[in-house]
Participant: 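Below you will find the structure I want to go over with you.
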Amino acid sequence: DVQLDLDDLMKTLVDPNERGSYAWIRRRIRGMWPRWTTAVKELGKKQDLGKRRKKKILVHLGLLSKQSGWKFAENQFKGGPLGELVQWSDLITTLYILGHDLTITSETEQLANILSQLPAANSPCQSRKELPVQIIYTDIVGLRQFKKHVKGGYGKFSCLLRIVDSFGTEPAYNHRPYARAHKILTSWGGNDLLPQQFYTMFPHSPDNSFMGFVVERHLNTSKSKNIERKNIAVVYGKNEYMWQGKEKYIEEIHKKLEVHGTTYIDNSTKPNPKKGTTPKPVHPIPNYVVNHGLLTAEDFHVLLRQAKVFVGLGFPYEGPAPLEAIANGAVFLNVKFHPPHSSKNTAFFKGKPTSRELTSQHPYIEQFIGPPYSYTVDINNMGEVEAVLNKVLNQSSKFESYMPYEYTEEGMLQRMNAYIEHQNYCQFQKRKSKWPPSSAVTYFLAEQGLDCKEACWKQNLICEPGHFLELNSAEKFSKFGKTCAQEEYVGDIFYPAIDDKNKDCYFQKEEILFSCVGKRDYLKRLCPCRNYIKTQTALCQGCD
Ligand code: UDP
């Protein structure tokens, strides 16, 4: 059953050391708890949450470990990246409130300790049903630590893994031999899991599972009530470097609005040991900007409620803050990328296991939300910036807030509960039935040159990689009036597909290479597409 008492979770989330690793996570969970309990009760009215088995779940936050070297814990209150901590906080809350039995670790010693209690991989009387955990959530750093410590038992546990992977891992980068052969193998990829075992922060390639997070809201608190919207723009940039090179753009906004920032200023410049001098800090923030410094979540939201626009600077990519701005009624100015940013041309994405191309700072908002809540602008074209500002400031819609269901507490609970109940990557765990069910899936022969993500989206459907296997035969092509002249089995990300010119058909040889995002100019792909619930894109209709 569901768990409505927070105390046990707080006892589970005890810092493993003096670094205060869980401080930010604990604070977020505590602050949002009342909303979570309301949400789970609401969901319980819509669907039966009673008949579920309690699962044993291990959550290992590799990003917080000393070995990661990332200093997430050290920078959580100093403008460091918070998107990942947001996602982990919400995942932990979801699992707990849905009633599961959690073990949470973030240091390798803790993990090693737990894994040492596991039965040896070759123990004869150890059947897989007796595994001490049923699901393991970790990240790629955690996965490396896991592999090292579980040693021979990895094969047995790999199907229990769910990898929290904010930017996603495409099949081509995941399959180690393929990635190596195509020279795209990096330290993030080559894990040879099923692509759906990677859980992303936004719905990227449908090859991965979309996990998401919750967009925080502070409605009806004493501070946030009766706030008047003023002629204010808030700039989206927690660190000074994000402002660099954006002077003209900010100046254009300043012509019409008072500009505010919430940027952490680091005044602790280190002495230069060689010359014995201290370098002069560079402050790229114009003097006219009212900088509040990094605010607490609630104060940040109060500021957003006073603002008319929230101004993107092009970095960070796909953070939570723009969705919070829109939820508070501020219009988000999304930075257009032309050409798109990807691992081919952008340092940040180098080595990330995806060839996804970002057409703006926040593609989710561009694709799924758009005007009047957000406009995507070329920030080097001042005419365009001015026109968009005029549109926003003169708009008749009165800075209404918008919040997609999939980013609410209830939406996340519904989605994750469906995953926990239905997703199954282990052959030895009995599948109740195929999920998502065939009734939600339609097959299409894509237009030449399109991948399945694009082909399905054109039909207002979503590529469903779990149903590729049924399509992998010549008989399926005949349903579309195509007779194969030749049939060939190849391990590559484009298949099943037909070369319409010579009628050669290609089928998939490697199951984990089935992909929604592979395409070739000369190929027509066969695609499984499923329907979805509007603003809950991860689920098909009736699949909760
Ligand atoms: N945030 C905050 N105070 C501020 C600015 C931002 O608490 O002054 C919060 C914001 O509410 C959001 C989180 O920081 O939930 C992450 O923000 P961002 O979109 O910048 O993503 P990141 O780059 O940290 O992943």
Side-chain angles (χ1 to χ4, degrees), residues 23-32 35 61 63-64 70-91 93 139 164-167 200-202 211-219 221 223-224 232-243 259-266 285 289-307 310-330 332-335 348-349 352 358 360-365 369 374 401 403 407-409 412:
W24 197 90
I25 290 182
R26 288 171 63 96
R27 186 196 271 196
R28 176 170 168 97
I29 294 176
R30 232 183 239 296
M32 290 171 61
R35 298 185 59 86
L61 294 88
L63 81 167
L64 289 178
W70 280 340
K71 303 205 182 299
F72 263 94
E74 287 74 4
N75 292 325
Q76 51 190 336
F77 298 107
K78 292 185 181 175
L82 293 177
E84 283 80 358
L85 294 182
V86 163
Q87 207 179 6
W88 282 105
S89 309
D90 297 349
L91 170 63
T93 316
D139 46 23
V164 176
D165 174 18
S166 40
F167 292 92
T200 59
M201 196 150 161
F202 288 95
M211 181 164 101
F213 60 95
V214 170
V215 174
E216 198 172 349
R217 277 179 298 176
H218 295 267
L219 307 172
T221 63
K223 275 188 186 174
S224 67
I232 286 181
V234 175
V235 172
Y236 176 29
K238 281 187 298 191
N239 301 101
E240 288 177 276
Y241 72 86
M242 295 169 182
W243 294 67
V259 182
H260 290 237
T262 65
T263 306
Y264 176 78
I265 309 277
D266 188 1
I285 305 179
V289 173
V290 183
N291 186 22
H292 302 260
L294 203 61
L295 294 176
T296 63
E298 190 177 3
D299 288 339
F300 180 58
H301 283 238
V302 169
L303 182 63
L304 289 173
R305 297 201 142 212
Q306 297 172 334
F310 188 54
V311 183
L313 295 174
F315 193 85
Y317 300 111
E318 306 181 305
L323 286 169
E324 293 168 15
I326 292 170
N328 281 298
F332 176 53
L333 295 189
N334 193 6
V335 177
F348 180 86
F349 288 107
K352 297 252 162 48
L358 283 81
S360 64
Q361 180 176 7
H362 213 300
Y364 175 85
I365 291 180
I369 302 182
S374 171
S401 74
M403 175 77 151
Y407 284 99
T408 62
E409 289 84 356
M412 178 150 181

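In listed order, ligands and their atoms are each counted from 1. By convention here, the first residue in the shown sequence is residue 1.
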Participant: So which bit of E324 gets within less than 4.0 Å of ligand 1, heavy atoms only: side chain, backbone, both or neither?
Facilitator: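 It is the side chain that touches ligand 1; the backbone stays farther off.
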Participant: Run N334 and S374 through side-chain hydrogen bond (donor to acceptor under 3.5 Å, both in side chains) and show every step you take.
Facilitator: CA-CA 7 Å; N334 193 6; S374 171; 4.7 Å; no
Participant: Go through the steps for L358 and E318 under the test side-chain contact (heavy atoms from CB on, under 4.5 Å), then give the verdict.
Facilitator: CA-CA 10 Å; L358 283 81; E318 306 181 305; 4.0 Å; yes
Participant: Applying the ring pair (Phe, Tyr, Trp, His ring centres under 6.0 Å) criterion to H362, which one of F202, F310, Y317 satisfies it?
Facilitator: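 Among the candidates, only F202 passes.
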Participant: Show your reasoning for whether salt bridge (Lys or Arg N to Asp or Glu O under 4.0 Å) applies to R217 and E324.
Facilitator: CA-CA 7 Å; R217 277 179 298 176; E324 293 168 15; over 6 Å; no
Participant: Would you check if the side chain of T263 reaches a backbone N or O of E240 as a donor-acceptor pair within less than 3.5 Å?
Facilitator: no
Participant: Does an N or O from F300, backbone or side chain, lie closer than 3.5 Å to an N or O of ligand 1?
Facilitator: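 Not met; the criterion fails.
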Participant: Can you find an N or O of Y236 that's nearer than 3.5 Å to an N or O of ligand 1?
Facilitator: yes
Participant: Just to confirm my output: which protein heavy-atom neighbour is closest to atom 21 (O) of ligand 1, and how far is it?
Facilitator: P320 CD, 3.2 Å
Participant: Is there a polar contact, in the sense of an N or O pair closer than 3.5 Å, between P81 and ligand 1?
Facilitator: no
Participant: Where do Y236 and F315 land on the ring-ring contact (aromatic ring centres under 6.0 Å, His included) test, with the steps shown first?
Facilitator: CA-CA 8 Å; Y236 176 29; F315 193 85; 9.3 Å; no
Participant: When rounded to the nearest 0.5 angstrom, what distance separates CH2 in W24 from CG in L85?
Facilitator: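 Going from the CH2 atom of W24 to the CG atom of L85 covers 6.0 Å.
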Participant: Can you tell me the protein heavy atom closest to atom 14 (O) of ligand 1 and the distance?
Facilitator: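 Atom 14 (O) of ligand 1 sits closest to the protein heavy atom L82 CD1, 3.4 Å.
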Participant: Mark up the atoms of ligand 1 that fall under 4.0 Å of a heavy atom belonging to L294, in ascending order.
Facilitator: 4 (C), 8 (O)
Participant: Show the atoms of ligand 1 that are less than 4.0 angstrom away from any heavy atom in A297.
Facilitator: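 Checking each atom against A297, I get 7 (O).
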Participant: If only atom types and distance count, is the side chain of D139 paired as donor or acceptor with the main-chain N or O of L63 below 3.5 Å?
Facilitator: yes
Participant: Among all protein heavy atoms, pick the one closest to atom 7 (O) of ligand 1 and tell me residue, atom and distance.
Facilitator: L295 O, 3.4 Å
Participant: Have a look at ligand 1 and work out which part of A321, if any, has a heavy atom under 4.0 Å from it: side chain, backbone, both or neither.
Facilitator: both
Participant: If the plane angle is over 60° it's perpendicular, under 30° parallel, otherwise tilted; pick one for H260 and H292.
Facilitator: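 If you compare the ring of H260 with that of H292, the planes turn out parallel.
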Participant: With nothing but distance in play, are any N or O atoms of T262 less than 3.5 Å from an N or O of ligand 1?
Facilitator: yes
Participant: Note the single closest protein heavy atom to atom 17 (O) of ligand 1, along with its residue, its atom name and the distance in Å.
Facilitator: K238 NZ, 3.7 Å
Participant: Using distance alone, determine whether T296 and ligand 1 share an N or O pair under 3.5 Å.
Facilitator: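 Not met; the criterion fails.
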Participant: Rounded to the nearest 0.5 Å, how far does CZ of F300 lie from NZ of K238?
Facilitator: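 If we round to the nearest 0.5 Å, K238:NZ and F300:CZ are 8.5 Å apart.
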Participant: Is V86 in polar range of ligand 1, meaning some N or O pair under 3.5 Å apart?
Facilitator: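 Between V86 and ligand 1 (N or O atoms, distance only) the closest approach is not under 3.5 Å.
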Participant: So between G319, A325, G83, P316, whose heavy atom ends up nearest atom 23 (O) of ligand 1?
Facilitator: P316
